[in-house]
Amino acid sequence: MSEFFDRKIASSEKLAVEIQLLGLSDGDEVVVLEANGMADLRQTHGRYFEDDLSKLSVFDRRVD
């Protein structure tokens, strides 16, 4: 999971990851979610984190 503050960069990164996953049948889904904070994401998009809710507070990296 990565946190971005620029929508254009987030979309570019999403596309790059989707290209890397082409042809793989592992069932991974690449999404860009927009929210004011993690609490909002928990409320509106909790289904993306059902398997491991600890991911909500940990980011691999921040891009400003």
Side-chain angles (χ1 to χ4, degrees):
M1 182 184 309
S2 300
E3 182 177 17
F4 297 89
F5 295 95
D6 182 291
R7 184 182 298 177
K8 187 175 181 179
I9 293 172
S11 294
S12 294
E13 182 70 14
K14 177 183 181 284
L15 179 59
V17 171
E18 288 175 329
I19 290 170
Q20 290 176 349
L21 294 174
L22 279 175
L24 301 178
S25 60
D26 56 11
D28 288 338
E29 182 179 3
V30 181
V31 297
V32 175
L33 304 173
E34 185 174 339
N36 290 327
M38 293 307 295
D40 290 346
L41 282 179
R42 280 189 202 111
Q43 178 129 22
T44 60
H45 293 86
R47 67 186 175 278
Y48 288 106
F49 311 101
E50 288 174 353
D51 293 335
D52 186 3
L53 290 176
S54 66
K55 290 181 181 180
L56 287 173
S57 60
V58 178
F59 291 98
D60 294 332
R61 64 192 164 132
R62 285 178 75 114
V63 178
D64 292 316

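- No continuous path of ILVMFWY side-chain contacts below 4.5 Å connects Leu24 to Ile19, so the two sit in separate hydrophobic clusters.
- With rounding to the nearest 0.5 Å, the separation of CG in Asn36 from OG1 in Thr44 is 10.0 Å.
- Checked against Val30 for a side-chain contact (heavy atoms from CB on, under 4.5 Å), the options Lys14, Glu13, Gln20 give a single hit: Lys14.
- Between Asp40 and Ala35, the shortest heavy-atom distance links the atoms CB-CB, 4.0 Å.
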